[in-house]
Enquirer: 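Okay, here's the structure, questions in a sec.
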Amino acid sequence: MTELSRDSGTSVLALARQACRAAIDDAGLTAGDVDAVLSYHLDDSVPVGYLASALRLPDPVWSNEFYGGGTQCASILADAAMLIDSGTARAVLVYRALNGRSGKRMGQTALRIGAGAEAQFSLPHGMLGPVHLFALAAQRWMYETGATEADLAAVVRHSRRHASRNPRAVFREPLTLDDYLATPLVATPLRRVDCCLESDGAVALVVARTDVADSTRPGSPRVHTVVRGGGPGTSEMDRAPDVERLFSSYLAAPLYARAGMSPRDIDLALIYDAYSWVVPVQLEDFGLVSRGEAGAFFRDGGADDDGRLPVNPHGGLLSEGYVHGLNNIAEAVRQLRGEAVANQVRDPSVALCTGFGGSLGSAAILVRP
């Protein structure tokens, strides 16, 4: 991955190229070995064709790009795996690149007809972007569970504490509870530090056939199981019977059933932390903590890198940076290899990775061979 920053001073193509070259090198391959390239974006990135040309990938190369943000960060691993399983590709390059702070930013909604037209009906009620939708859902979740500001603070403080030891992290200053409470509200109950970062940067991965990986990069984690889907919830409030319900409530059971696993098998959780409150909700939905107990779990150190279930030991999207979740997947790979630059979890074998945009999302289980 590239450096994560608030102002990269370079083009998205340059960021993507840098991350992709590093991923290919790390995999022990050359550009000539890559026969497919995949990416996802929200009209804020560089097309895969441009990137393939810049890297001088062999022609023809299978290429595809998916519209979406965090919903894609786990499921794109399955898209790559299917290309390999079908015999279409031996090595698939996956990347996400954006100037999310200095370039196109989220939450800028115009009134229009066509794609995104529903915004004109929610906009007059103050729903300017994801933060307002998630804030309303967070209020409902707090009411239903009895969660407090102290519980939200515990998640954010956990993120900052781990990021303080991560040289890649954009925010590395630890927070006290008083520091947290002193930060400004964006949309009640979410404060500025409850919201993920806007970052410039790129992350890339290579997903390869196991025999290729074993010959060039022994010990590479396996893509074990991936699920994608969801139902009406946070981002479809006009049709949701329960606005606090996230994708994870729909996907947890199918994930474990297809993996042949249970919550007890998970050693490490890389949870998509777009906002602080969605971390405990996902942990509850995936059966990793009991409902209403996540706040205490974070406060008591259960989520620390040496705790019962380490969660986002790199600082996550709240503190390391925001590359629509692909940086969380990259951290899962490092942790399972035993190569984390900071906060290495002791001997993890199974990692849960999640990604979502509200009601729709994906989850992947990566395992150490």
Side-chain angles (χ1 to χ4, degrees), residues 1 19-20 23-24 26-29 33-41 48 51-52 57-58 60-96 203-230 247 251-252 254-261 265-266 268-270 272 286 323-337 348-356 360-369:
M1 60 191 289
C20 288
I24 294 169
D26 178 78
L29 301 174
D33 296 313
V34 174
D35 38 25
V37 56
L38 303 176
S39 187
Y40 61 98
H41 60 81
V48 292
L51 188 279
L57 299 184
V61 62
W62 179 285
S63 62
N64 203 358
E65 51 195 290
F66 304 94
Y67 187 82
T71 61
Q72 302 287 352
C73 71
S75 60
I76 201 168
L77 300 179
D79 297 304
M82 286 188 282
L83 285 172
I84 293 169
D85 193 55
S86 68
T88 305
R90 295 173 68 251
V92 183
L93 180 64
V94 176
Y95 74 93
R96 175 71 171 108
V203 178
L205 307 166
V206 173
V207 182
R209 229 168 52 188
T210 54
D211 62 320
V212 173
D214 287 342
S215 65
T216 64
R217 197 62 161 85
S220 294
R222 292 341 193 207
V223 180
H224 186 281
T225 306
V226 185
V227 293
R228 178 179 175 83
F247 81 103
L251 294 188
L255 177 72
Y256 289 131
R258 295 178 192 179
M261 294 182 180
D265 294 305
I266 305 300
L268 171 68
L270 281 300
Y272 193 87
F286 281 105
V323 196
H324 268 121
L326 204 58
N327 51 315
N328 285 5
I329 309 297
E331 178 66 14
V333 173
R334 294 188 199 98
Q335 289 283 346
L336 291 173
R337 285 178 175 176
S349 296
V350 181
L352 169 67
C353 306
T354 69
F356 75 101
L360 182 67
S362 57
I365 289 179
L366 306 183
V367 299
R368 191 178 64 196

Enquirer: Measure the shortest side-chain to side-chain distance between Leu205 and Val92 over non-hydrogen atoms and say whether it is less than 4.5 angstrom.
Expert: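 Result no, sub-4.5 Å side-chain heavy-atom pair not found.
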Enquirer: Would you please test Val223 and Val367 for side chain to side chain contact (heavy atoms under 4.5 Å, CB included) and show each step?
Expert: CA-CA 7 Å; Val223 180; Val367 299; over 6 Å; no
Enquirer: Identify the two heavy atoms, one from Ala19 and one from Met1, that lie closest to each other, and give their separation to 0.1 Å.
Expert: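 In terms of heavy atoms, the two residues are closest at CB-CA, 4.3 Å.
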Enquirer: Please determine if Asp214 and Arg209 form a salt bridge, counting it only when a charged side-chain N lies under 4.0 Å from a carboxylate O.
Expert: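 No.
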Enquirer: Using 0.5 Å steps for rounding, measure from the OH atom of Tyr256 to the CE atom of Met261.
Expert: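 So the gap between those two atoms works out to 10.0 Å.
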Enquirer: Do Leu270 and Ile329 have side-chain heavy atoms sitting under 4.5 Å apart?
Expert: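 They are not in contact (no side-chain heavy atoms under 4.5 Å apart), so the answer is no.
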Enquirer: Hey, does Tyr40 have a side-chain heavy atom less than 4.5 Å from the side chain of Leu326?
Expert: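 Side chain of Leu326 against side chain of Tyr40, heavy atoms only: contact under 4.5 Å found.
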Enquirer: Ignoring hydrogens and geometry, is there a side-chain-to-backbone donor-acceptor pair from Thr216 to Ala27 under 3.5 Å?
Expert: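 Yes, Thr216 side chain to Ala27 backbone: donor-acceptor pair under 3.5 Å.
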Enquirer: Do Val203 and Tyr95 have side-chain heavy atoms sitting under 4.5 Å apart?
Expert: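 The answer is no, as the side chains (C-beta and beyond) never meet within the 4.5 Å cut-off.
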Enquirer: Any side-chain donor-acceptor pair under 3.5 Å between Ser75 and Arg228?
Expert: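 Side-chain D/A pair, Ser75 to Arg228: present.
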Enquirer: Would you mind reporting whether Leu336 and Leu366 have side-chain heavy atoms less than 4.5 Å apart?
Expert: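 Touching, per the 4.5 Å side-chain cut-off.
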Enquirer: Quiz question: by atom type and distance under 3.5 Å, do the side chains of Glu65 and His41 form a donor-acceptor pair?
Expert: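 Yes, a side-chain donor-acceptor pair sits under 3.5 Å.
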Enquirer: Roughly how far apart are Ile365 CD1 and Leu268 CG, rounded to 0.5 Å?
Expert: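 Answer for the CD1-CG pair, Ile365 versus Leu268, is 12.0 Å.
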Enquirer: Which heavy-atom pair separates Leu93 from Ala23 by the least distance, and what is that distance?
Expert: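 For Leu93 versus Ala23, the nearest heavy atoms are CD1-CB, 4.5 Å.
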Enquirer: Is there a donor-acceptor pair under 3.5 Å between the side chain of Arg222 and the backbone N or O of Ser220?
Expert: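 Side chain of Arg222 to backbone of Ser220: a pair is present.
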Enquirer: Minimum heavy-atom separation for Ser362 and Ala74, please, with both atom names.
Expert: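 Taking Ser362 first and Ala74 second, the nearest heavy atoms are OG-CB, 3.3 Å.
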Enquirer: Identify the two heavy atoms, one from Val61 and one from Val37, that lie closest to each other, and give their separation to 0.1 Å.
Expert: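 In this case the closest contact between Val61 and Val37 is CG2-N, 4.3 Å.
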Enquirer: Apply side chain to side chain donor-acceptor pair (under 3.5 Å) to residues Ser349 and Arg368 and explain how you reach the verdict.
Expert: CA-CA 5 Å; Ser349 296; Arg368 191 178 64 196; 3.1 Å; yes
Enquirer: If you measure from CG on Leu51 to SG on Cys20, what distance do you get to the nearest 0.5 Å?
Expert: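 If we round to the nearest 0.5 Å, Leu51:CG and Cys20:SG are 4.5 Å apart.
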Enquirer: For Tyr272 and Gly70, which heavy atoms make the closest approach, and how far apart are they?
Expert: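 For Tyr272 and Gly70, the tightest heavy-atom pair comes out as OH-CA, 3.3 Å.
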Enquirer: Measure the CG-CG distance between Asp35 and Leu83 for me, rounded to the nearest 0.5 Å.
Expert: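 Going from the CG atom of Asp35 to the CG atom of Leu83 covers 9.0 Å.
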Enquirer: Find the distance between OG1 (Thr88) and CH2 (Trp62) and round it off to the nearest 0.5 Å.
Expert: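 Output value for this atom pair is 5.5 Å.
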Enquirer: Looking only at heavy atoms, which two atoms of Val207 and Ile84 are closest? And how far apart?
Expert: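 The answer is O-CD1, 3.3 Å.
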Enquirer: A side-chain contact here means heavy atoms from C-beta on lying under 4.5 Å apart; do Ile24 and Val34 qualify?
Expert: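 Counting from C-beta outward, Ile24 and Val34 do come under 4.5 Å.
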Enquirer: For the residue pair Thr354 and Phe247, establish whether any side-chain heavy-atom pair is separated by less than 4.5 Å.
Expert: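 SC-SC contact between Thr354 and Phe247 confirmed.
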Enquirer: Could you tell me the separation between the CG atom of Asp26 and the CZ atom of Arg337, rounded to the nearest 0.5 Å?
Expert: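 If I round to the nearest 0.5 Å, the distance is 4.5 Å.
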